[in-house]
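Data block below; observations after.
So you know, we letter chains A, B, ... as the sequences are listed, proteins then strands, and number each from 1.
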2 protein chains.
Amino acid sequence: MAGRRSGRRPGPTETRDAILVAARELFAAKGYDGASVRGIARAAEVDPALVHHFFKGKEGLFVAAMEFPVDPAEIVPLIFMGPPGEIGERMVRTFLRVWGAPEFRDQMMALLRSAMTNDQATVVFREFVSSALVSRAAATLDIPRVRIEAAVAQMVGIVMLRYVLRIEPLASTPEEELVELIAPTIQRYLAP
Amino acid sequence: MAGRRSGRRPGPTETRDAILVAARELFAAKGYDGASVRGIARAAEVDPALVHHFFKGKEGLFVAAMEFPVDPAEIVPLIFMGPPGEIGERMVRTFLRVWGAPEFRDQMMALLRSAMTNDQATVVFREFVSSALVSRAAATLDIPRVRIEAAVAQMVGIVMLRYVLRIEPLASTPEEELVELIAPTIQRYLAP
DNA sequence: CGCTGAACTCATCATGTGGTGAATTTATCT
DNA sequence: AGATAAATTCACCACATGATGAGTTCAGCG
């Protein structure tokens, strides 16, 4: 920080990734508008100007940080494989698993939080839910989209109360118990 | 704005309320951190310093703007009056009605959006859901709190997809159709 | 009338924001 | 070895933010 020599460092460059990691963390915690380039740089122990050098500004950083490590094309089909009588169960499990894994959660959290206050992020998130989730499910299930969206709404709501607002006892209820409680709801929406 | 004379205006003071109205609007649209005192003052066509004069800073403004016109103590009991077989229906209807009315929605929206990125607002919102909604319901219903929270989660999720993210077709689905779709879910949670 | 306090404007501060351009040092390719 | 490109730091810019204090004008009360 303080007495750091100018110019390129010896050895291979790890800085870019350090920035990305810090960015995911801060975007997840404060959303797009709330997180600052300088704050991210500080967290990555890096000069703020490097962020621009690598990502050409805050927006570029966000886009780069959001490049999915959680690919819906891989995850969603898992929900539809297996006995149709257990779709609800599988969907709840999948959702909770994704939101339980720190890396995935950070990215989803960043998207969610950002979508609440930033218009562009709203569009991104809407598109994500619409094409990546709803359309994919609609193609397989042959039921009205509202039903799928009702199911998504239930899961988004759970995520909100559990991970964002951390309302007890929901926040500490074990996964299995939640599956038991919520699965029938999803089942009813998706397999009427 | 420009050539406005200094000093107090003739006639009764309407400025304070103008600020409150603008504040509710902007807090609802951008959340606590996103909305700025200056922006609010601009919207109210008022000098920013007046905000401090009246409310002693941004935080005071927010608190004043959030003073409930929607009193849960009045609304929540409505859900429990009437045939227990229709609790689900009444809850969905009440929720949608509150979020449909522009004044109420602004305040709820402000709370929701703020809670996503501001820690203090998170606490306020959590307390609101916990005491104003869940505890009140738990006192009447004699079922585990998780069940009530699952119901709240379902409604919060709907609100998110419908009013915040505006995902179609959910965003344009008529109230009655939604009631039909969602009510059975709530019913199952609240009357097991 | 005259006084006090409230309503109102203006100039100003310290801080934080995203962003730019030049200078320096190293890696990498020929 | 030499040249080019990339990584890094530093010194800035223009602007927005929340906040404060002083000064002006009016309402309301005696």
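Under the 4.5 Å side-chain criterion, counting only non-hydrogen atoms from C-beta, A:M160 is in contact with B:L112. Residues B:M116 and A:T117 fail the side-chain proximity criterion, which asks for heavy atoms closer than 4.5 Å. With a 4.5 Å cut-off on side-chain heavy atoms, A:I182 and B:Y189 count as touching. For the pair B:R42 and B:P48, the minimum side-chain heavy-atom distance is 4.5 Å or more.
Put simply, NE2 on A:H52 is 16 Å from P on C:dA22, counting in whole angstrom units. In this structure, the CD atom of A:E14 is 19 Å from the P atom of D:dA6, given to the nearest Å. Rounded to whole angstrom, the span from the NZ atom of B:K30 across to the C1' atom of D:dT17 amounts to 13 Å. Separating the CD1 atom of B:I40 from the P atom of D:dA19 is a distance of 11 Å, rounded to the nearest angstrom. For the pair B:R16 CZ and C:dC8 P, the interatomic distance rounds to 12 Å; values are reported in whole Å. Whole-Å rounding puts the B:E45 CD to C:dT9 P distance at 11 Å. Between A:N118 atom CG and C:dT17 atom P there is a gap of 16 Å when expressed in whole angstrom units.
Nearest nucleotide to the B:D47 side chain, out of D:dG18, C:dC10, D:dC10: C:dC10. Side-chain atoms of A:L50 lie closest to D:dT8 of the nucleotides D:dT8, D:dG18, C:dG18. Each of D:dT8, D:dT20, D:dC12 was ranked by its minimum atom distance to the side chain of A:R38; first place goes to D:dC12. Comparing atom distances between the A:R42 side chain and each of D:dG18, D:dT17, C:dT17 picks out C:dT17 as nearest.
The residue among A:A49 and A:S36 whose nearest nucleotide of DNA chain C is located toward the 5' end is A:S36.
The stretch residues 53-63 of chain B touches DNA chain C through B:H53, B:F54, each having a heavy atom within less than 4.0 Å of the strand.
A distance-only check finds a donor-acceptor pair linking the side chain of A:R147 to the backbone of A:R188 [under 3.5 Å].
Axis angle between the ends of the helix from C:dC1-D:dG30 to C:dT30-D:dA1, five pairs each and rounded to 10 degrees, works out to 10°.
Annotation: B:K30, atom NZ; neighbour count of heavy atoms from other residues, nucleotides and ligands within 6.0 Å does not exceed 12.
Closest approach of A:L61 and A:A23 over heavy atoms only: CD2-CB, 3.6 Å. Of all non-hydrogen atoms in B:V134 and B:I148, the two that sit nearest each other are O-CD1, 3.9 Å.
Under the rule for a ring pair (Phe, Tyr, Trp, His ring centres under 6.0 Å), the partners of A:Y32 that lie at least two apart in sequence or sit in another chain are A:F27, A:F62.
Note on B:A35: only backbone sugar-phosphate atoms sit closer than 4.0 angstrom, heavy atoms only; bases stay farther off.
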